[in-house]
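Everything below concerns the one structure shown next.
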Amino acid sequence: MRLLLLLLLLTSLACQKKPQKVFSSEASRQIVLPPKLPELSNADSLRLLFDSLHLSPLREKVAQMMIDSGFYFVKTIPHLMNDDYWFRYHPFNRDSLVELRHNERYFREDANLDGTTSHLLLFRHQNLACIATDRLSGDHYSHEEVTIADWDKDIQDDIFTYHTYNVQSVPVTYFRVSIAKLDRQNKKFRSVFGTELDSYDCAMGVERGLRIKTRYRFINPQRIQLTARYYSFPCGETSIIGEVDWETSFKSLRLDSTKISYRNWNPKAYYFEKEK
């Protein structure tokens, strides 16, 4: 009996018709539209732009950091990355120091800011990992000039910055030098020493101006001697806007006094402090 029921079930399944797919003429005429592409963000658009420029891996790394920081205008990054004045390489030991300049009056979204700034980014050659960063603030007119040298002969490069500060309202100019060492633990460059190499002041209404020329030398890696010479000179003729003919005025420099001072290394402060 069970065998008979099984045979009847198999016969019934075999006799059933398989369903057929029906293709309507209306369906065949339908056109499949591609999905709507999302609008690219500024960052995505910039990535495509840099891909098309075939930049080096290091420049692409810097560009990505600029994108991620949100500090720069997206539209200005290609200009910065392809101009030697705004983007510079400096060999630093066996790595690469990138100096990225910008003018905050133009490149910052906050239009109230006014001044020049340079970002320093130290990259390791092997994997382009960022070792350290720093920021240098110039003045209204120019950036700090960066050079690399080993001042204390410890086979490790240091950063020298040199900057000229011009005061617009009165004829006063300062030439300042600063030395920064790499602080690997904090991933920063730390200024260890700075002084004004030269300055001259010829304020309005002053007949004789003041010039201070300073020279420094390292007695040893922990002690610096500074020799400052104070000069006076006639301010000479000034124009309507108060500019001074410095070259003519300096022909009559008179040495008035000399001052010697020292700075000693303080490992806790990580800086050369003035000797009391």
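These numbers come from the heavy atoms of this one structure, side chains and all, not from hydrogens, waters or symmetry mates.
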| request: May I ask you to establish whether Arg254 and Tyr231 are in a cation-pi arrangement, using a distance under 6.0 Å from NZ or CZ to the six-membered ring centre and at most 45° from the ring axis? | output: no

* For atom CD1 of Ile219, is the number of surrounding heavy atoms from other residues, nucleotides or ligands below 6.0 Å larger than 12? -> yes

Tightest non-hydrogen contact, residues Phe233 and Cys202, listed as CE1-SG, 3.9 Å

Heavy-atom nearest pair, Thr133 first then Lys188, reads O-CD, 3.2 Å

For the residue pair [X] and [Y], confirm or rule out a side-chain donor-acceptor distance under 3.5 Å.
X	Y	value
Thr214	Thr195	no
His90	Glu99	yes
His102	Trp86	no

(request) Run the salt-bridge test on Lys181 and Asp158 with the 4.0 Å N-O cut-off and return the result as yes or no. (result) yes

Original post:
Is the shortest distance from a Lys or Arg side-chain nitrogen in Asp183 or Arg190 to a carboxylate oxygen in the other one below 4.0 Å?
Top reply: yes

Please tell me whether Phe123 and Tyr89 form a close aromatic pair, meaning their ring centres lie under 6.0 Å apart. no

Nearest 0.5 Å, please: how far is [atom2] in [Y] from [atom1] in [X]?
X	Y	atom1	atom2	result
Asn264	Gln222	CG	CD	9.5 Å
Leu182	Leu120	CG	CG	11.0 Å
Ile212	Lys259	CD1	NZ	9.5 Å
Leu197	Tyr174	CG	OH	14.5 Å
Thr116	Arg101	OG1	CZ	8.5 Å
Ser178	Glu196	OG	CD	12.0 Å

| query | Could you go step by step and tell me if Thr227 and Arg215 meet the side chain to side chain donor-acceptor pair (under 3.5 Å) rule? | reply | CA-CA 5 Å; Thr227 302; Arg215 297 295 178 265; over 6 Å; no

Look only at the side chain of Asn266 and the backbone of Lys268, and say whether a donor-acceptor pair between them is shorter than 3.5 Å. yes

Could you check whether any side-chain N or O of Asp83 sits under 3.5 Å from a backbone N or O of Tyr85, counting only pairs where one atom can act as donor and the other as acceptor? yes

Per ring pair (Phe, Tyr, Trp, His ring centres under 6.0 Å), Phe193 is matched among Tyr216, Trp265, Tyr271 by Tyr216

Tested for side chain to side chain contact (heavy atoms under 4.5 Å, CB included) against Arg263, the lone hit among Lys274, Glu273, Glu275 is Lys274

In Glu144, Arg135, His143, the residue satisfying side chain to side chain contact (heavy atoms under 4.5 Å, CB included) with Thr117 is Arg135

Discussion item. As a quick check of understanding, evaluate side chain to side chain donor-acceptor pair (under 3.5 Å) for Asp150 and Gln156, giving each step before the final call.
Written reply: CA-CA 6 Å; Asp150 178 16; Gln156 294 295 320; over 6 Å; no

- Task: Any chance you could lay out the ring pair (Phe, Tyr, Trp, His ring centres under 6.0 Å) test for Tyr200 and Phe175, step after step, and finish with the verdict?
- Result: CA-CA 9 Å; Tyr200 32 90; Phe175 301 88; 5.8 Å; yes

